[in-house]
Amino acid sequence: MRLSQMLFVTLREDPAEAEIPSHKLLLRAGYIRRIGSGIYAYLPLMWRVLKKVSQIVREEMDATGAQECLLPQLQPADLWRESGRWDTYTQAEGIMFAMTDRQQRELGLGPTHEEVITTIAKDMIRSYRQLPLHLYQIQTKFRDEIRPRFGLMRGREFIMKDGYSFHTNEESLKKTYQDMAQAYSNMLRRSGLQFRAVDADSGAIGGSGSQEFMVLAEAGEDEVLYTEDGQYAANVEKAVSMPADVEPSPFATFEKRETPGTETIDKLCKFLKCSPTQVVKNVLYQAVYDNGITVLVLVSIRGDQDVNQVKLLNELTKLAGNYQAKTVLFLTVPDAEAQRKWAAKSLPLGYMAPDLADDYIAGSKEVNSKFLRLVDRTAVDLTNFVTGSNESGYHVVGANWDKEFPLPATVVGVRTAKKGDRAVHNPEQTLQSARGIEVGHIFQLGTKYSQAMGATYTSEQGEEMPFVMGCYGVGVSRLAQSAVEQSYDKDGIIWPVAIAPYHAIISIPNISDSQQVEVAEKLYAELNQSGIETLLDDRDERAGVKFKDADLIGIPYRIVPGRSLKSGKVEVVERATHKSQEILIEEVNSTLKQWIEAAIN
């Protein structure tokens with residue numbers, strides 16, 4: 001492609017809308033164009049990148065025996081009601097674009113396709129002889145993000161590969177799950193990315209085991225905790241660890257003490273000259289279930305620990321049946337406005353005890369009249385601890401469970417693991433932290449969707465059995481931008497060779513020089529003919545402008561037919577290192593071919 005004929009517009013300044021380097025660079029280099037909030041056009045250079053990423057994904061998926069298909073973007077609400085996820089996606093998470101057609105039928109734009117694929121399996125797979133089966137697609141997905149940001153990282157429209165497998169048993173599922181773990185590692189390795197596979201929370205997709213594939217980058221929205229021995233890695237939402245040891249309590253007897261202005265753990269510990277490991281803090285949450293019932297949740301946890309809301313949400317979802325519900329729609333720390341809707345009297349915030357009385361709740365049809373009391377494992381074995389007194393300005397010291405305070409019946413593990421914690425598998429290993437961009441996620445769904453939607457097959461024994469399912473997703477457009485976030489410099493993008501839009505760019509310093517033009521044209525034809533994808537910058541621009549643009553768009557190799565033509569050579573500059581060398585014109589093709597093959601393999 002000749003740049004003079006290409007839709008090619010670059011910007012010298014960072015666009016005001018862009019926050020992270022990759023977003024700025026993709027806009028500046030003319031790869032994407034913002035059309036609306038979280039909505040981008042993929043321009044010619046970007047589309048070539050996306051096609052290359054998609055091809056790598058296809059090849060790895062096909063190699064496992066998975067079959068490609070294309071599923072509808074418009075999905076009937078009835079399918080999502082069958083699975084029980086319509087309210088979760090339209091209300092709780094609020095990420096589905098929902099609409100009504102002219103016949104007043106409710107529809108959603110697909111953020112994911114579990115319901116559609118399960119319906120297909122239900123209609124078409126009759127016998128165990130047809131299993132296992134693995135279908136995948138590369139498709140545009142839609143999510144109504146509250147705050148679209150970071151370009152293609154968190155957009156409202158994006159390209160994704162999602163696959164779904166159907167099995168007769170867990171053993172068969174686990175084999176495909178392991179195949180996908182390897183295939184995903186291959187995809188990222190072949191794309192030239194540094195990544196880490198980590199244990200993850202399954203979220204609204206559900207199921208048992210799940211694993212995320214994180215591209216390591218400082219701008220990553222996710223925190224990854226891992227050990228140096230390579231034996232453990234997990235998203236912070238899922239990570240577990242051993243908390244610091246408890247320090248001995250200085251309080252031997254129970255008493256109430258005045259502690260003015262100590263609403264925080266730090267202030268309290270300074271005032272009482274004690275360790276936060278000796279404190280039981282009580283955190284109030286408000287959970288709204290899918291049947292409209294609000295439950296006030298009081299979590300007692302050790303003072304030096306924080307509640308992980310994802311882990312807490314999972315625990316509350318397990319308890320949904322106690323409230324005749326299926327799932328949690330919202331989980332929040334109730335602010336003053338929320339409290340006014342259910343509080344019978346003012347709460348002693350910052351001074352609450354584990355036995356905060358139920359009469360603080362003004363009972364109603366919508367609000368459960370009793371606190372749901374949970375205790376984190378870190379607080380269970382504390383003795384002579386410090387905690388609130390249910391009176392503002394006062395705490396109690398020297399308290400014990402089942403003496404001054406009843407131990408909550410439900411013990412949970414909802415603490416947030418953090419950098420520096422000891423690892424569970426080996427206490428000599430401490431957790432390290434890195435930032436990551438999630439580009440892939442694989443799930444063992446089990447029978448969650450097949451049971452809910454009545455999707456069964458006939459077993460070898462003639463029984464009707466629910467499919468055992470797996471789910472596997474890769475963000476194609478997100479992966480492309482994450483490559484930029486991982487690899488750039490002050491001059492622009494540094495694309496990995498495997499997914500760069502072009503392998504090489506020939507920059508003619510002076511288009512008025514007939515020799516430069518002649519050599520450039522010859523190389524341009526020869527390189528493209530031999531499979532080296534090459535751009536020709538034949539614009540009537542200064543050499544400096546062309547070189548800056550070549551660096552900005554990140555093409556791996558720049559060829560310059562300039563002063564070295566006198567000795568029958570051209571200058572070749574490697575984008576990643578800025579290393580320059582002069583190569584004989586007749587050896588350019590073979591040299592580049594060697595470099596490209598080495599970089600891709």
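The closest side-chain donor-acceptor pair between Tyr472 and Ser165 falls under 3.5 angstrom. A donor-acceptor pair shorter than 3.5 Å cannot be found between the side chains of Thr378 and Gln305. If you check the side chains of Ser83 and Glu115, you find a donor sitting under 3.5 Å from an acceptor. Of the N and O atoms on the side chains of Asn282 and Ser300, at least one donor lies less than 3.5 Å from an acceptor on the other residue. For the 3.5 Å distance criterion, the side chains of Thr64 and His134 fail to qualify, holding no donor opposite an acceptor. Tyr289 and Asn368 form no side-chain donor-acceptor contact under 3.5 Å, judged by distance and modelled atom types alone. Tyr449 and Arg85 form a side-chain donor-acceptor contact under 3.5 Å, judged by distance and modelled atom types alone. Side-chain contact annotation: Trp342 with Gln286, donor-acceptor N/O pair under 3.5 Å present. At a cut-off of 3.5 Å, with distance as the only test, a side-chain donor of Asp162 or Gln137 sits close to an acceptor on the other residue.
Arg415 and Asp306 are not joined by a salt bridge, as no carboxylate oxygen comes within less than 4.0 angstrom of a charged side-chain nitrogen. For the pair Lys318 and Glu315, the salt-bridge criterion is met [side-chain N within less than 4.0 Å of a carboxylate O].
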**Request:** List the steps and the verdict of side-chain contact (heavy atoms from CB on, under 4.5 Å) for Thr447 and Met465.
**Result:** CA-CA 10 Å; Thr447 58; Met465 302 291 291; over 6 Å; no
**Request:** Assess whether salt bridge (Lys or Arg N to Asp or Glu O under 4.0 Å) is satisfied between Arg154 and Glu145, documenting all intermediate values.
**Result:** CA-CA 7 Å; Arg154 191 168 287 280; Glu145 295 284 354; 3.3 Å; yes
**Prompt:** Would Gln182 and Glu60 satisfy side-chain contact (heavy atoms from CB on, under 4.5 Å), going step by step from the backbone distance to the final call?
**Reply:** CA-CA 9 Å; Gln182 185 60 57; Glu60 292 299 331; over 6 Å; no
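A pairwise comparison of heavy atoms in Ser22 and Gln481 identifies OG-NE2, 2.9 Å as the closest pair. When all heavy atoms of Ala287 and Leu316 are compared, the pair lying nearest together is CB-CD1, 4.0 Å. Nearest heavy atoms, Ala480 versus Met46: CB-CE, 3.5 Å. Closest approach of Gln139 to Pro72, counting heavy atoms only: NE2-C, 4.5 Å.
For residues 100-111, the salt bridge (Lys or Arg N to Asp or Glu O under 4.0 Å) pairs, not counting sequence neighbours, are Arg81-Glu106, Asp101-Arg105. Residue pairs meeting the salt bridge (Lys or Arg N to Asp or Glu O under 4.0 Å) criterion with at least one member in residues 320-349, sequence neighbours excluded: Lys345-Asp359. Under the ring-ring contact (aromatic ring centres under 6.0 Å, His included) criterion, the residue pairs touching residues 152-186 are Phe166-Phe467, Tyr184-Phe213, with sequence neighbours excluded. The side-chain hydrogen bond (donor to acceptor under 3.5 Å, both in side chains) pairs that include a residue from residues 50-59 are Lys52-Glu533, Gln55-Glu59, Arg58-Glu68, Glu59-Arg190, where partners are two or more places apart or lie in different chains. Under the salt bridge (Lys or Arg N to Asp or Glu O under 4.0 Å) criterion, the residue pairs touching residues 369-380 are Asp358-Arg373, with sequence neighbours excluded.
In this structure, the ring of Tyr457 has its center no less than 6.0 angstrom from the ring center of Tyr128.
For Ile146, the CD1 atom is loosely surrounded, since the number of other residues' heavy atoms within 6.0 Å does not exceed 12. For Glu19, the CD atom is densely surrounded, since the number of other residues' heavy atoms within 6.0 Å is greater than 12. No more than 12 heavy atoms of other residues, nucleotides or ligands shown are found within 6.0 angstrom of CZ on Arg33. Glu464 CD: more than 12 foreign heavy atoms inside a 6.0 Å radius.
By the 4.5 Å heavy-atom criterion applied to side chains, Val439 and Phe195 are not counted as neighbours. Residues Leu107 and Thr100 form no side-chain contact, since every pair of their non-hydrogen atoms from C-beta on lies 4.5 Å or further apart. Within the 4.5 Å cutoff, the side chain of Ile32 has no heavy atoms near those of the Leu43 side chain.
Taking the ring centre of Phe97 as origin, the terminal cationic atom of Arg143 falls outside the region bounded by 6.0 Å and 45° from the ring axis.
With His23 as the partner, the ring pair (Phe, Tyr, Trp, His ring centres under 6.0 Å) test is satisfied by one option alone out of Phe150, Tyr40, Tyr488: Tyr40.
Applying the side-chain contact (heavy atoms from CB on, under 4.5 Å) criterion to Val307, with sequence neighbours excluded, gives Val283, Tyr285, Val299, Ile301, Leu312, Val414.
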